[in-house]
*Asks:* 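Below are the structure tokens for one structure; questions will follow.
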Amino acid sequence: MHPRPLASWAAGLLLVPLVAAAQQKVPAAKKLYCWNQDGQRICADALPPEAVTAEREEISVASGLRTGQVQRALTPEERAAQAEEEARRRTEAAAEETRRRTDQAMLTSFQNEDELRRVFAERVTLVENSIKTARYNITSLREGLVTLLRTAGEHELGGRKVPDKLAGDIRERHAQLLYNQALQRSFERQRAALDVEIEQTLQRYRALKSGQAPDAGATAAAPAGGVPPRQ
């Protein structure tokens with residue numbers, strides 16, 4: 001047997017246990033979960049069901065250092081408020097983009113007023129859809145509240161105490177109804193303000209077309225009642 005093949009064969013035997021060791025699954029690092037419950041700080045290596053939605057910290061058992069943090073789950077009211085805030089940001093971003101595009105391309109991009117109106121179509125659709133959604137939610141919440149109140153009335157007429165859960169549901173549903181009513185009014189004000197903005201933009205476009213550009217501040221301050229009718 002030649003020396004070179006023997007050396008290669010021996011090296012291969014040495015690599016076998018190394019490859020097998022590398023293929024073994026590395027165990028996941030253990031960690032502790034810490035959260036507050038009834039005013040007390042609790043830490044455990046597993047989460048009980050009641051703590052799954054709670055705000056908590058994750059701590060490495062090996063180092064004792066915090067490795068992560070999980071925020072608590074949002075309530076339905078908080079999720080609704082978050083969604084409304086996101087819708088408001090999208091509306092404002094769309095408004096800013098429309099103003100930028102209008103200022104840059106008022107004369108060069110639009111041959112007539114109909115083309116200019118189409119720039120606002122996305123914002124109009126967004127606000128009108130928000131109004132429709134708020135109206136739908138109000139109708140649904142009102143019907144649900146009427147049902148809950150009827151059930152509470154039946155308890156009282158029967159000489160029975162209104163259950164605490166039913167009373168809580170009534171308060172929560174009423175609060176949601178008031179919130180969505182305020183939301184609808186806010187979107188309706190946005191829609192009215194959008195009509196004014198469209199007409200003011202058209203006024204500026206007409207002035208630019210005629211070579212007599214009005215002052216931007218004066219145009220923005222024009223009262224809604226003085227806006228000429230749409231053409």
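As a basis for the values below, the full set of heavy atoms in this structure was taken, side chains included, without hydrogen atoms, waters or symmetry mates.
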*Asks:* Could you list the donor-acceptor pairs under 3.5 angstrom formed between side-chain atoms of residues 156-172 and any protein atom two or more places apart in sequence or on another chain?
*Replies:*
residue, atom, partner, partner atom, Å
Lys161, NZ, Asp164, OD1, 2.9
Lys165, NZ, Asp169, OD2, 3.0
Glu172, OE2, Gln176, NE2, 3.4

*Asks:* Do you reckon Leu177 sits in the same ILVMFWY cluster as Leu148, going by side-chain contacts under 4.5 Å, direct or chained?
*Replies:*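 Leu177 clusters together with Leu148.
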*Asks:* At what distance, to the nearest 0.5 angstrom, does CG of Asn137 lie from OG1 of Thr133?
*Replies:* 6.5 Å
*Asks:* Among residues at least two apart in sequence or on other chains, which ones pass side chain to side chain contact (heavy atoms under 4.5 Å, CB included) with Ser186?
*Replies:* Arg189, Gln190
*Asks:* How long is the straight-line distance from CZ of Arg206 back to CD of Glu113, given to the nearest 0.5 Å?
*Replies:* 4.0 Å
*Asks:* Report whether Val127 and Val124 are members of the same hydrophobic cluster (ILVMFWY, side-chain heavy atoms less than 4.5 Å apart, transitive linking).
*Replies:* no
*Asks:* Are Leu126 and Leu183 linked, directly or through intermediate hydrophobic residues, by side-chain heavy-atom contacts shorter than 4.5 Å (ILVMFWY only)?
*Replies:* no
*Asks:* Taking all atoms of both residues into account, what is the closest heavy-atom pair of Thr151 and His155, and its distance?
*Replies:*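 Distance-wise, the nearest heavy atoms are O-ND1, 2.9 Å.
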*Asks:* Rounded at 0.5 Å granularity, tell me how far SG in Cys34 sits from CD1 in Ile59.
*Replies:* 3.5 Å
*Asks:* To check you understand the geometry: which heavy-atom pair defines the closest contact between Phe187 and Ile131, and what is its length?
*Replies:* CB-CG1, 3.5 Å
*Asks:* Quick one: are Leu149 and Leu145 in side-chain contact, heavy atoms under 4.5 Å?
*Replies:*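 Result yes, sub-4.5 Å side-chain heavy-atom pair found.
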*Asks:* Hey, what do you get for OG1 (Thr91) to CD (Glu96), rounding to the nearest 0.5 Å?
*Replies:* 13.5 Å
*Asks:* Going by an N to O cut-off under 4.0 Å, is there a salt bridge joining Glu85 and Arg89?
*Replies:*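 Salt bridge flag = yes for Arg89 with Glu85.
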*Asks:* Got a sec, which residues hit salt bridge (Lys or Arg N to Asp or Glu O under 4.0 Å) with Glu128, two or more places apart in sequence or on another chain?
*Replies:* Arg191
*Asks:* Per the salt bridge (Lys or Arg N to Asp or Glu O under 4.0 Å) rule, what does the pair list look like for residues 133-143, sequence neighbours excluded?
*Replies:*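 Output for this query lists Arg135-Glu188.
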*Asks:* Can you name the residues that form a side chain to side chain contact (heavy atoms under 4.5 Å, CB included) with Asn36, not counting sequence neighbours?
*Replies:*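 If we apply the side chain to side chain contact (heavy atoms under 4.5 Å, CB included) test to Asn36, skipping adjacent residues, the hits are Arg41.
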*Asks:* For Glu115, which residues count as a salt bridge (Lys or Arg N to Asp or Glu O under 4.0 Å) partner, sequence neighbours excluded?
*Replies:*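 Per chain and number, Glu115 pairs via salt bridge (Lys or Arg N to Asp or Glu O under 4.0 Å) with no residue.
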*Asks:* Taking all atoms of both residues into account, what is the closest heavy-atom pair of Gln181 and Ile138, and its distance?
*Replies:*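 So the two residues come closest at CA-CD1, 3.6 Å.
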*Asks:* Looking only at heavy atoms, which two atoms of Thr201 and Phe120 are closest? And how far apart?
*Replies:*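 Heavy atoms only, the tightest pair is OG1-CZ, 3.6 Å.
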*Asks:* Quick check against the 3.5 Å criterion: does Ser140 have a side-chain atom that pairs as donor or acceptor with the backbone of Tyr136?
*Replies:* no
*Asks:* By the definition side-chain contact (heavy atoms from CB on, under 4.5 Å), identify the one residue from Glu77, His174, Glu84 that meets it with Tyr179.
*Replies:*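 For Tyr179, the side-chain contact (heavy atoms from CB on, under 4.5 Å) test succeeds with only one of Glu77, His174, Glu84, which is Glu84.
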